[in-house]
Amino acid sequence: MQPVKLKAGIYWVGGIDWDIRNFHGYLTQRGSTYNAYLIIDEKVTLIDTVKHYLYDEMIERISKIVDPAKIDYIVSNHVEMDHSGGLPKLMAVAKNATLFTSPKGASGLKAHYHQDWNFKVVKSGDSLNIGKRNLAFVHTPMAHWPDSMVTYLPEDKILFSNDALGQHLATSERFDDQVPLGITMLEAKKYYANILMLFDRPVAGALKAIGGLEIEMIAPSHGLIWRTHISEIVQAYQKWSANETIEKAVIVYDSMWGSTAKIAAAIQAAFENKGISVKMMCLTANHISDVMTEVIDAKYLCIGSPTLNNNMMPTVASFLTYLKGLAPKNRTGLAFGSYGWSGQSIGLVETMLKDTKMVILEKIKVQYVPDQAGLQKITVDLEKQL
Ligand code: FEO
């Protein structure tokens, strides 16, 4: 377990979670990392820790550089346990360490671990001298939790951005130019879609707050460190947090006997005929977190469910609950589905779409099995609305 040098005296000492596939409901098919950073200066400083079960891995990396008992300062940028889980054991080893965090960080850590550690609360704009270097703290509330903050190291031009700009991506490489950029950007997109989409305004505020900083490296708390493609990831975040969409439709559905799937295909034809990009995502084949990655830049979201027991299918209900929580803005929605006799599902889907404040297209409802003429009519009628 080796540390990785970012710059002279600054090291990545985090943990790699190769096997995690379920991050509170988010399918992390490429695993993740929890990034902790060690700065060797007059005050030995650690920025964030790791999930509790990777504590030993972090300590082994730190111990290759310095005795962990000699850590003077620990910065907790974020309370969530993927970054604070190592604190209880670490605070028992680094007995003299001072723990720097935001006001909500202090109350949050106390509510998680019930320990009277040596807290020092920092305000946004505060600076901490650690010897030859200074750490500047910028609060970024709700990017991701109320306690979230980032830490900037001006002498080395490194931004420790915590959750923002991260990716769930387990690799032995540590930098963005060591892994194909398409993979890293896709995982960054999936991360934003599933973790930060709800917090678009706080993320835009955070981008503004760090906008004036000279940055040579962005060291997030998950995944790879950005040193070559900084402008690409910052520009992508600007677009995502502004809810910018393209002419693209995501068609999400489940089907019992194939009728709702046929309607989905008729809807697909309408978008294709209008030259609009389409992504078909049946919920038996696609995880809801992967659907959200496609939703991030799609103007149109079409959701279909047959009626099952006077309701929508549970797969569709699950996706809609997830979608409502992440609350994408500026979208156009369409509800569709087949039914046997009562047909509640289509109205229920439409109500959920209305709850997310989407512009709503005319819903499509077919009893039992649609015939060819009916499918063609669906395509033609929808084309007129696009
Ligand atoms: Fe990676 Fe909000 O924790």
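Counting starts at 1 for both ligands and their atoms, following the listed order.
- Taking the ring axis of Tyr26 as reference, the NZ or CZ atom of Lys190 does not stay both within 45° of it and closer than 6.0 Å to the ring centre.
- Centred on atom 2 (Fe) of ligand 1, the ND1 atom of His144 and the NE2 atom of His78 lie at an angle of 110°, reported to 10°.
- Take the N/O/S atoms of Asp163: the one nearest atom 1 (Fe) of ligand 1 is OD1.
- Residues Arg133 and Glu42 are not paired through a salt bridge, judged by the lack of any N-O separation under 4.0 Å between the basic side chain and the carboxylate.
- Looking at Lys363 and Glu350, a side-chain N of the basic residue comes within less than 4.0 Å of a carboxylate O on the acidic one, giving a salt bridge.
- Within Glu80, the N, O or S atom lying nearest to atom 2 (Fe) of ligand 1 carries the name OE1.
- A salt bridge links Lys299 to Glu247: at least one charged side-chain nitrogen sits closer than 4.0 Å to a carboxylate oxygen.
- Under the 6.0 Å distance and 45° angle rule, Lys110 counts as a cation-pi partner of Phe119.
- When distances from atom 1 (Fe) of ligand 1 to the N, O or S atoms of Asp82 are compared, OD2 comes out shortest.
- At atom 1 (Fe) of ligand 1, the angle from NE2 in His83 to NE2 in His222 is 90° when rounded to 10°.
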